[in-house]
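Quick note: numbers below take in every heavy atom, side chains included, and nothing from hydrogens, waters or symmetry partners.
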Amino acid sequence: AIVNTEKLFREDLRKFLPKNINKEDSTILVKGYINDWAIKQLLLKNAESSSSLDEITNIEALVRDYKESLLINNYKERLIKQQLDTAIVEQEIAKFYEENKENFKLNEELLKIKYLHLDNKIINKKELTKLFKSDDIEDLEALEKQQLSFKNYQFNDSVWTPLDKVLLKLPFSKGNLLNKTKFLEKQDSLGLYLVTIKDVLVRNDTAPLSYIKPTIKQMILHKRKIELIRDIEKILVRDATKNNNFKVY
């Protein structure tokens, strides 16, 4: 195919055609490709002829800047991958948290909650409720052994859970769940719900370290990346100056 002075060769088609394709399908693909190629060349020719020299110069500058940015960023990412220390000890996380605690304000409510959703068909509800309300570790273990018969549950009330996630699973109001309570119980057509709330944090409270630890790790790594890139840039300038590849007049 030829459009003005631009040519499309058989070798160009082989690059995009899948292997082991049948004749009919390859013919359809080739015709579509040639048509798309021709339209692109015609549009490009009209765009070039109707654009001013300033417009073309600006576009070429943008392309050059974009290419340079891609090359530089790709180079930086390679250096970061090779040189960045990604090991973060607990002491560093704790120190970062204490130094920036005022910046870690919650924008959501958190609960330390234990809950259990039982099907209406379960016959030993009283026994399971007794085990659920107990603080004895043996009772909790006995409850966990029967978890396959539960519709939904969470027994670990030492972790912080977003209130919004809890509301999706339990038919209690936001007000009910934000009050620390020893025991909540509710029955509906879907079953029996048992809840105990150990602790509550509301919006603008300081976020607990255990909850934002992943965020802090990312912040520490980001800080290290910035410092590493700055060090690399300083070394580049120093070496270029030393080798007379960089001079200021």
Within a 6.0 Å radius of atom NZ on Lys105, are there more than 12 heavy atoms belonging to other residues, nucleotides or ligands?
yes
Applying side-chain hydrogen bond (donor to acceptor under 3.5 Å, both in side chains) to Asp135 and not counting sequence neighbours gives Lys182
What one should report as the nearest heavy-atom pair of Asp85 and Leu221 is O-CD2, 4.0 Å
Open item on the list: Looking at Glu138, I want to see if its CD is surrounded by more than 12 non-hydrogen atoms of other residues, nucleotides or ligands under 6.0 Å.
Closed with: no
More than 12 heavy atoms of other residues, nucleotides or ligands under 6.0 Å from CD1 of Ile123: is that the case? no
Show the atom names and distances, to 0.1 Å, of all donor-acceptor pairs under 3.5 Å that link a side chain in residues 146-168 to residues at least two apart or in another chain.
unit_1 : atom_1 : unit_2 : atom_2 : d
Gln147 : OE1    : Tyr153 : OH     : 2.7
Gln147 : NE2    : Glu144 : O      : 2.7
Ser149 : OG     : Gln146 : O      : 2.7
Gln154 : NE2    : Ile113 : O      : 3.1
Gln154 : NE2    : Thr161 : OG1    : 3.2
Asn156 : OD1    : Ser158 : N      : 3.1
Asn156 : OD1    : Ser158 : OG     : 2.5

Greater than 12 external heavy atoms within 6.0 Å of Glu24's CD
no
Handout entry: Ion pair check, Arg203 and Glu109, cut-off under 4.0 Å
Key = yes
**Asked** Less than 4.0 Å between a side-chain N and a carboxylate O, is that true for Glu92 and Lys217?
**Response** no
Side-chain donor-acceptor contact under 3.5 Å, Asp54 with Thr57: no
What one should report as the nearest heavy-atom pair of Leu192 and Asn120 is N-OD1, 4.2 Å
Notebook entry, point to check: Would you call Lys213 and Glu90 a salt bridge, taking side-chain N to carboxylate O under 4.0 Å as the test?
Noted result: yes
To the nearest 0.5 Å, atom CD of Glu141 lies from atom CG of Leu143 at 11.0 Å
Taking 4.0 angstrom as the limit, do Glu98 and Lys101 come out as a salt bridge?
yes
Residues joined to Val89 in its hydrophobic cluster, side chain to side chain under 4.5 Å directly or through other members, sorted by chain and number, are none
inquiry  = Taking Lys125 first and then Glu185, would you say they form a salt bridge - that is, a charged N and a carboxylate O separated by under 4.0 Å?
reply    = no
- Can you label the angle between the Phe104 ring and the Phe96 ring as parallel, tilted or perpendicular, going by 30° and 60°? tilted
